[in-house]
Amino acid sequence: MAFRAFFGLPVENFATSTGTPTNAVYGFTAMLATLLNDRKPTHVAVAFDLPGGTFRTERLPSYKGTRDETPPDFEPQVPLIREVLEAMGVTALDKPRYEADDLLATYARMGREAGMEVLVVSGDRDTIQLVNEDVTLLYPRKGVSDLVEFTPDAVVEKYGVLPGQYPDLAALVGETSDNLPGVPGVGPKTAAKWINTYGGLEGILSSADDVPGKAGESLRAHLDQVRLNRELNHLLTDLEVSVPVEALEFGGGDSAAIHQVCDALQFKGLRARLLAFAADSEGGPEVTESERIEALVVAPAPVADVVALTGSVALAVPGTDAWALGLSQGDKAWAVDLTALSEADEKALAAWLADPGVGKVLHGAKDALHALADRGLAVEGLTDDTQLGAYLVNPAQGRLDLDDVAERFLGLRPAAAAAGQLDLGLGGSELESLARSAHTVALLGERVREDLAEQRMLDLYGNLEIPLVGCLFAMERAGVAVDAARLEELSGLALGRAEKAAEAAYESIGGTAVNLGSPKQLQEVLFEQLGMPKTKKIKTGYSTDASSLAELYEKRPHPFLEALLAHRDATKLAQIIQTLRDAVRADGRIHTTFSQVVAATGRLSSKDPNLQNIPIRTDEGHRIREAFVVGGTYATLVTADYSQIEMRIMAHLSGDEALIEAFRSGEDLHRFVGSRVYGVPPEGVTAEMRGHVKAMSYGLAYGLSSFGLSRQLGLPVGEAQALMDDYFSRFGAVRDYLTGVVKQAAKDGYTETIFGRRRYLPDLTSTNRQRRDIAERMALNAPIQGSAADLIKRAMLAVDARISAEGLASRQILQVHDELVIEAAAGEEDAVEAILREEMAAAGDLSVPLDVNVGRGTNWRVAGH
DNA sequence: TACTATCCGTT
DNA sequence: GACGTACGGATAGTAT
């Protein structure tokens with residue numbers, strides 16, 4: 001069955017991130033779970049073939065001799081299947097010199113004799129002989145999920161013989177997969193006819209001389225072969241076995257072991273299915289959080305009880321709006337309907353939530369803070385965000401919903417599976433599940449802290465990420481003011497340019513209109529109609545991206561290409577502008593959402609809309625920033641950005657004296673580096689030299705190859721390589737650092753930033769070159785990008801602290817990875833600039849200074865200069 | 001409506 | 001044969 005699964009599921013779709021193939025394990029396990037669920041067997045065992053020969057190969061060395069060698073991707077999966085079985089509490093059977101089918105035959109007989117009803121699941125047709133009124137065969141029709149049920153009647157119908165006569169039929173027909181040739185000219189129809197005429201193989205053999213026709217002649221010429229076939233395809237039902245059939249009783253799996261094996265195999269959906277068979281979750285196989293909470297006191301909560309809580313309390317807020325609040329502490333959980341509060345209760349609850357002395361634990365706290373704030377409720381005293389904690393534990397993990405995290409950290413099955421299982425007397429299942437969620441969060445809070453402590457990330461968590469939640473919350477609520485009229489104007493300009501470009505494009509190809517936004521239609525025009533040379537291959541044909549079009553233009557200048565690029569540019573800008581216009585809220589401001597739990601490096605991300613990718617490179621795009629303006633009661637936008645933060649971190653981490661000197665000297669970095677690399681005085685560094693070393697420097701932190709550098713600079717690969725060699729001969733410690741970082745990460749399994757933030761990279765030890773190369777580039781980049789993220793986050797907290805310490809009304813409103821934007825109140829500009837300069841520079845104690853550029857203006861474009 | 005593929009904006 | 005990180009998001013095209 002595992003073999004069937006192997007060939008039924010594409011191996012390229014089933015592998016762990018380290019490249020271990022799992023298609024056979026997955027398919028086999030999924031089939032097993034289905035069978036356990038559908039058939040609910042009392043006793044279960046899985047029989048294995050062992051390596052080495054069997055009594056059959058001893059008898060006939062060519063037995064199964066035509067089989068191709070076992071695929072190399074299959075073999076390592078067999079022990080993994082055994083691990084799954086062990087975790088599941090399913091007995092694995094094997095016996096040297098015998099095949100799995102002999103074990104199946106023996107145990108089928110034993111089960112039957114013990115009065116059991118037996119199901120045999122096998123992809124080997126020989127097992128048809130085991131079928132009788134107590135034994136049914138499940139035989140795969142296709143893959144492993146589509147099993148056909150062979151009862152005695154079904155066997156007769158399909159083969160025309162009784163199950164016990166099937167080996168007779170197979171002996172006559174032969175079995176290619178076992179390398180047992182049959183009687184030439186005799187197929188299943190003839191064989192069945194003979195068996196029924198002569199009453200079985202014995203009868204046929206003893207009357208062989210009377211069997212008529214060509215087939216009869218053929219039979220007489222192959223009698224020995226038929227006898228041998230029959231001998232070999234007989235399954236042994238009387239093996240000596242040490243495990244009695246009673247011992248195969250299925251008592252369920254071990255949830256910890258199931259988690260372990262699912263972690264190792266990176267099974268996601270299957271995990272929950274397997275856990276359903278765990279025997280050790282309290283209350284049996286269907287246990288979820290519901291059972292745990294059964295011990296809790298859960299009641300519709302009088303607000304007086306809730307506001308009396310001190311210490312640390314876990315909270316849960318519904319996903320939609322904060323119409324209710326779940327609370328939990330210790331083994332108790334409550335839920336409060338916020339829509340039905342008396343004025344006094346509301347006041348008491350508001351005061352309790354705003355009391356920083358009461359610790360609050362939440363999952364995805366910032367969302368909850370917004371929902372509660374919309375209801376006029378402010379929250380202070382956030383000590384834990386279990387989503388944030390789970391992210392830090394493994395920032396590349398992916399799904400971070402409460403269900404996912406509870407499953408990962410606590411082994412709890414998704415609450416959805418538990419819905420409606422218990423009525424805890426809250427009179428509404430939504431309130432009830434809210435209380436339950438709060439309790440899950442309470443349990444998680446402790447577990448996540450344990451993991452973080454083990455990884456030495458508690459400081460990063462408690463003193464950086466958790467406080468940052470409040471900072472980001474405030475920034476999102478503040479938003480950024482927008483000049484709607486300016487956006488409208490810019491939109492008109494961009495649309496006009498797009499229109500003109502489209503017309504030019506159509507005209508250049510004879511007046512036919514095509515959808516210039518459709519890569520598919522562009523391919524038709526470029527490669528069919530215009531007969532342009534093929535660009536790089538993509539899934540749907542040939543690429544029409546900007547770099548491919550530029551390359552095409554080099555080879556075949558054509559007005560269509562120019563018009564197309566201009567159209568791309570203009571429509572992209574128009575699209576960005578429209579997205580921004582749609583995002584302006586009633587207060588005339590755009591409120592983005594920053595996420596702390598998306599980027600695997602520790603950066604923030606911004607969405608709805610993304611304010612971290614507003615154009616700046618082209619003049620047309622840059623003008624969009626004019627529409628981001630200072631708001632009504634404020635006076636100035638002040639922006640501050642780190643100068644070459646990543647190169648500075650590289651200098652610090654590598655300890656490269658030459659690079660450190662470059663930053664300490666205060667000279668232009670790329671001029672300094674260029675002078676060293678090219679061996680000329682700083683004033684002798686040409687613009688081209690500077691450009692080359694600049695690209696080289698930036699590329700370093702991304703794992704740039706000589707090939708990539710040559711492409712970017714338009715140089716032959718040899719020259720790019722020479723440039724890299726020269727670079728590293730001057731900045732050798734940088735190279736040593738970069739190779740060292742990959743080596744260390746491969747050893748540890750993760751990279752670390754200056755402040756201890758981790759990123760796990762299991763692919764570093766992958767046997768797949770491409771995956772490993774990608775992981776190596778991630779390992780190069782993560783400590784650098786991540787340390788930069790740590791630094792600016794520290795700066796943000798420090799800036800906020802200074803602003804409130806100095807009693808200023810100014811506020812942070814945006815962060816763009818190395819840049820902060822502050823909306824400054826009138827008269828506070830100088831103070832704000834000083835705070836930004838000081839706190840950003842002091843965010844870390846590096847061996848190089850952290851230079852900060854500051855600008856002011858009434859809009860982002862001006863301030864950004 | 002949900003999903004994938006492609007393309008492109010930022011750092 | 002591949003070849004620079006990290007993201008969010010629009011549009012086109014296809015499947016359901």
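Scope of the values below: all heavy atoms of this structure, side chains included, with no hydrogens, waters or symmetry mates. So that the names make sense, note that chain A is the first sequence line, chain B the second, and so on, each numbered from 1.
- A salt bridge is absent between A:Arg556 and A:Glu551: the closest approach of a Lys/Arg side-chain nitrogen to an acidic carboxylate oxygen does not fall below 4.0 angstrom.
- In terms of phosphate contacts, A:Thr601 brings no side-chain nitrogen or oxygen within less than 4.0 Å of OP1 or OP2 of C:dT5.
- Heavy atoms of A:Ala788 sit nowhere under 4.0 angstrom from any nucleic acid atom.
- Side-chain proximity of A:Lys539 to B:dT6, C:dC7, B:dC7: nearest is B:dT6.
- A salt bridge does not link A:Asp385 to A:Lys366: none of the charged side-chain nitrogens sits closer than 4.0 Å to a carboxylate oxygen.
- Looking at residues 560-580 of chain A, you'll see A:Lys572, A:Gln575, A:Thr579 sit with a heavy atom under 4.0 Å from some atom of DNA chain C.
- In this model, no side-chain donor or acceptor of A:Asn610 finds a partner on the base of C:dG8 within 3.5 Å.
- The phosphate of C:dG8 (OP1 or OP2) has no side-chain N or O of A:Ser606 nearer than 4.0 angstrom.
- The side chain of A:Arg759 places an N or O atom within less than 4.0 Å of a non-bridging phosphate oxygen (OP1 or OP2) of C:dA6.
- Annotation: side chain of A:Val821 is not in contact with side chain of A:Gln812 (no heavy-atom distance under 4.5 Å).
- As a whole-Å value, the separation of A:Leu704 CG from C:dT5 P is 10 Å.
- Contact annotation: A:Thr540 side-chain N/O to C:dG13 OP1/OP2 distance is not under 4.0 Å.
- The CZ-P distance, from A:Arg757 to C:dA6, rounds to 15 Å in whole Å.
- Distance CG (A:Asp582) to P (C:dT11): 10 Å, rounded to an integer number of Å.
- At a threshold of 4.0 Å, the pair A:Arg648-A:Asp851 counts as salt-bridged, since one of the basic side-chain nitrogens sits closer than that to a carboxylate oxygen.
- Shown for residues 690-699 of chain A: no residue has heavy atoms falling under 4.0 angstrom of DNA chain C.
- If you measure from atom OH of A:Tyr702 to atom C1' of C:dA6, you get 8 Å, rounded to the nearest angstrom.
- For residues 516-528 of chain A, proximity to DNA chain C is found at A:Gly517, A:Ser518, A:Lys520, A:Gln521, defined as any non-hydrogen atom under 4.0 angstrom from a strand atom.
- Ion pairing between a basic and an acidic side chain is recognised when a charged N comes within 4.0 Å of a carboxylate O; A:Asp619 and A:Arg861 show such pairing.
- Taking the centre and axis of the six-membered ring of A:Tyr542, the NZ or CZ atom of A:Lys536 falls outside the cone set by 45° and 6.0 Å.
- Under a 4.0 Å N-O distance rule, the pair A:Arg769/A:Glu776 does not qualify as a salt bridge.
- With distances taken from any side-chain atom of A:Lys607 to the nucleotides B:dT10, C:dA6, C:dG8, the minimum falls on C:dG8.
- With rounding to whole Å, A:Met647 atom CE is found 18 Å from C:dG4 atom P.
- Remark: A:Phe731 engages A:Tyr727 in a ring pair (Phe, Tyr, Trp, His ring centres under 6.0 Å) (not counting sequence neighbours).
- Residues meeting the salt bridge (charged side-chain N to carboxylate O under 4.0 Å, His left out) test with A:Glu489, sequence neighbours left out: A:Arg486.
- Residue A:Arg603 has no polar side-chain atom (N or O) positioned under 4.0 Å from OP1 or OP2 of C:dA6.
- Put simply, CG on A:Asp790 is 14 Å from C1' on C:dA6, counting in whole angstrom units.
- Between A:Ser705 and C:dG4 there is a side-chain N or O to OP1 or OP2 distance below 4.0 Å.
- Here A:Asp773 lies out of heavy-atom contact (under 4.0 Å) with every strand.
- Scanning for side chain to side chain contact (heavy atoms under 4.5 Å, CB included) contacts around A:Thr858 gives A:Val630, with sequence neighbours left out.
- Of the P atoms belonging to C:dT5 and B:dC3, the separation is 27 Å, rounded to the nearest Å.
- Atom-to-atom, NZ of A:Lys537 to P of C:dA2 comes out at 11 Å; the value is rounded to the nearest Å.
- At most 12 non-hydrogen atoms from other residues, nucleotides or ligands lie less than 6.0 angstrom from CZ of A:Arg711.
- Rounded to whole Å, atom P of B:dT10 lies 13 Å from atom CD of A:Gln612.
- Side-chain proximity of A:Ala600 to B:dT10, C:dA12, C:dC7: nearest is C:dC7.
- Remark: A:Arg759 is not positioned above the aromatic ring of A:Tyr750, lacking an NZ or CZ atom under 6.0 angstrom from the ring centre and at most 45 degrees off the axis.
- In this structure, A:Leu709 reaches neither bases nor backbone, as no heavy-atom distance under 4.0 Å exists between it and the strands shown.
- With both ends at atom P, the span from C:dC3 to B:dC7 equals 15 Å, rounded to whole Å.
- Taking only side-chain atoms of A:Asp608, from C-beta outward, the nucleotide of C:dC7, B:dC8, C:dG9 with the closest atom is C:dG9.
- Under the 4.0 Å criterion applied to side-chain N and carboxylate O atoms, A:Arg690 and A:Asp668 are assigned as salt-bridge partners.
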